[in-house]
Structure formats: structure tokens, C-alpha cells
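Since this is a predicted model, take the numbers as computed values, not measurements.
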Amino acid sequence: MATERQLSEVRFLTVAEVASIMRVSKMTVYRLVHGGELPAVRVGRSFRVPEDAVHEYLRSSYIDTA
């Protein structure tokens, strides 16, 4: 599709990097990936998560408490 970014432009993050950004444990990230809430690509025995997907997940999960 013309609107999708080229695959070479997508920045992939490791599970540890995602956990650091989200301030959660790596196990929580694995749960989100396996539960289908966070898209990921399997590379060998590890997962890579598109950086945009992490930011979109956080945006959509934001709850205004005020």
C-alpha cells in the first residue's frame, strides 16, 4: 500500500527495549505479544516489536483520571 511506510523505514525494538519504554517487565511485554495486544515479528527465538505499535498501544491505553 502506498500509505504504509516502507519496511526498511520501520524501527523494530527488542522486548527489553519495549519493557523499558513502557516501564513494565519483559514478561508483561511477552504477555501482550502472545495475547495479540501488541504486534510483533519473530526473529529466530526472539521477538521484535515495531516502535510505532508500542506508541500506538500506549496512546490507545491512556486513561484520563482527572
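Tracing side-chain contacts under 4.5 Å through hydrophobic residues (I, L, V, M, F, W, Y), one reaches Tyr30 starting from Leu38; they form part of the same cluster. Residues Met27 and Leu32 share a hydrophobic cluster, clusters being chains of Ile/Leu/Val/Met/Phe/Trp/Tyr side chains in contact below 4.5 Å. Taken together through direct or relayed side-chain contacts under 4.5 Å among Ile, Leu, Val, Met, Phe, Trp and Tyr, Val43 and Val10 form part of one hydrophobic cluster. Linking Ile, Leu, Val, Met, Phe, Trp and Tyr whenever their side-chain heavy atoms come within less than 4.5 Å puts Ile21 and Val33 in one cluster.
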Please determine whether side-chain contact (heavy atoms from CB on, under 4.5 Å) holds for the pair Val29 and Val24, giving the CA-CA distance in whole Å, both sets of side-chain angles, and the decisive distance to 0.1 Å. CA-CA 7 Å; Val29 177; Val24 296; 4.0 Å; yes

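Atom OG1 of residue Thr14 and atom NZ of residue Lys26 lie 8.5 Å apart, to the nearest 0.5 angstrom.
Looking at every heavy atom in both residues, Phe12 comes nearest to Glu17 through O-OE1, 4.3 Å. When every heavy atom of Pro39 is checked against every heavy atom of Pro50, the shortest pair comes out as O-CD, 3.5 Å.
By the 6.0 Å contact criterion, CZ on Arg42 is enclosed, its count of non-hydrogen atoms from other residues, nucleotides or ligands being greater than 12.
Formation of a donor-acceptor pair under 3.5 Å by the Ser61 side chain with backbone atoms of Leu58 is not found in this model.
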